[in-house]
Amino acid sequence: MKVGITGHRQLSDEPWIQEAVAVSLSEDPSSCMGISSLAIGADQLFAEVVLRQGGALHAVLPFEGYERTFAAGAARHRYFELLRRAASVETLPARANDEESYLAAGQRIVDLADRMIAVWDGEKAAGLGGTGDIVEYARKVGKEVLHIDPVRRKTSTLILS
């Protein structure tokens, strides 16, 4: 089973979100391939859960030099550690700007996944390629999306459009 992630960078309740992700992957965690861009927040939390449960990780990087988007120190170290542990890494060609590259990476994750997990507040994307855009794309192409709502602390499967 290939499971992709999209989600917010700023998380208010990481322990609850981590548990919700772990439960969603618990059917057969060792046969899970997690697909993530390894962004700060939900992407990294998901990647850590996948690896801890014995699954494999496929990283989809939005452009060469993606590490420049991580602050020096702990954030960049965590990114490189997860990248090192990935079973495979795919780097996409850069688009006209970072936001277009993030959108392309999110869409690639959806295209590769059998189903998606969205750690999402339910609002429209703040910028191009944000979580709302990726959820909309996943629904449009008919992917099952497990919505983990960090604001209301509930999970649900989104109805496909």
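All values derive from a computational prediction rather than experimental measurement.
No side-chain heavy atom of Thr6 sits less than 4.5 Å from a side-chain heavy atom of Ile109. Two residues are said to be in side-chain contact when any heavy atoms from C-beta on lie closer than 4.5 Å; Arg115 and Lys2 fail this criterion. In this structure the side chain of Ile17 never reaches within 4.5 angstrom of the side chain of Arg153, judged on heavy atoms. In this structure the side chain of Leu25 reaches within 4.5 angstrom of the side chain of Phe46, judged on heavy atoms. Side-chain contact between Met33 and Val3: absent, with no pair of heavy atoms (C-beta onward) separated by less than 4.5 Å. At least one side-chain heavy atom of Phe80 sits under 4.5 Å from a side-chain heavy atom of Arg76. In this structure, the side chains of Leu57 and Arg85 stay at 4.5 Å or more apart for every pair of heavy atoms. Between Val119 and Ile5, some side-chain heavy-atom pair lies under the 4.5 Å cut-off.
His147 places a side-chain N or O within donor-acceptor distance of the main-chain N or O of Trp120, the cut-off being under 3.5 Å. Looking only at distances, a side-chain donor or acceptor of His8 sits under 3.5 Å from a matching main-chain atom of Asp121. Formation of a donor-acceptor pair under 3.5 Å by the Arg95 side chain with backbone atoms of Pro93 is found in this model. Distance alone, capped at 3.5 Å, is enough to place a donor-acceptor pair between the Lys143 side chain and the Val110 backbone.
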- Query: Can you list the steps and then say if Glu99 with Leu103 is a side chain to side chain contact (heavy atoms under 4.5 Å, CB included)?
  - Reply: CA-CA 6 Å; Glu99 284 189 340; Leu103 177 62; over 6 Å; no
- Check the pair Glu81, Arg78 against salt bridge (charged side-chain N to carboxylate O under 4.0 Å, His left out), reporting the backbone distance first and the verdict last. CA-CA 5 Å; Glu81 179 61 23; Arg78 188 176 185 193; over 6 Å; no
- Task: Please assess Arg52 against Gln18 for the test side chain to side chain contact (heavy atoms under 4.5 Å, CB included), listing each intermediate value before the final yes or no.
- Result: CA-CA 11 Å; Arg52 185 171 41 254; Gln18 190 172 39; 2.7 Å; yes
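Cluster membership for Val135 and Leu112, using ILVMFWY side-chain heavy atoms within less than 4.5 angstrom, is shared. Hydrophobic clustering places Ile35 together with Leu92 (ILVMFWY residues linked when any side-chain heavy atoms are closer than 4.5 Å, directly or through intermediates). Hydrophobic clustering of Ile, Leu, Val, Met, Phe, Trp and Tyr side chains at less than 4.5 Å, counting indirect connections, unites Leu11 with Val21. In the hydrophobic clustering of this structure, Leu51 groups with Leu83; members are Ile, Leu, Val, Met, Phe, Trp, Tyr whose side-chain heavy atoms approach within less than 4.5 Å, directly or through other members. In the hydrophobic cluster analysis, where Ile, Leu, Val, Met, Phe, Trp and Tyr join through side-chain heavy atoms closer than 4.5 angstrom, Ile117 is grouped together with Leu45.
Residues Phe70 and Leu38 share a closest heavy-atom pair of CZ-O, 3.4 Å. Across every non-hydrogen atom of Leu61 and Ser37, the tightest pair is CD2-O, 4.0 Å. For the residue pair Ser88 and His58, the shortest heavy atom distance occurs at OG-ND1, 2.5 Å. Residues Pro150 and Ser12 share a closest heavy-atom pair of O-OG, 4.1 Å. Asp43 and Gly7 get closest at one heavy-atom pair: OD1-N, 4.0 Å. Closest non-hydrogen pair, Ala75 versus Ala71, comes out as CB-O, 3.8 Å.
One distance of note links CD of Glu64 with OG of Ser101; it measures 12.0 Å at 0.5 Å rounding. Taking CD1 of Ile134 as the start and CE of Met116 as the end, the distance is 7.5 Å to the nearest 0.5 Å. Atom CH2 of Trp16 sits about 6.5 Å away from atom CD1 of Ile148, to the nearest 0.5 Å.
Atom CD of Glu67 is surrounded by more than 12 heavy atoms from other residues, nucleotides or ligands within 6.0 Å.
Ring geometry for Tyr79 against Tyr66 counts as perpendicular: the plane angle is over 60°, on a 0 to 90° scale with 30° as the lower cut.
Each of Leu158, Thr155, Val23 was checked for a side chain to side chain contact (heavy atoms under 4.5 Å, CB included) with Leu146, and the lone residue meeting it is Thr155.
Taking the side chain to side chain donor-acceptor pair (under 3.5 Å) definition, one finds that Arg108 meets it with Glu90, sequence neighbours left out.
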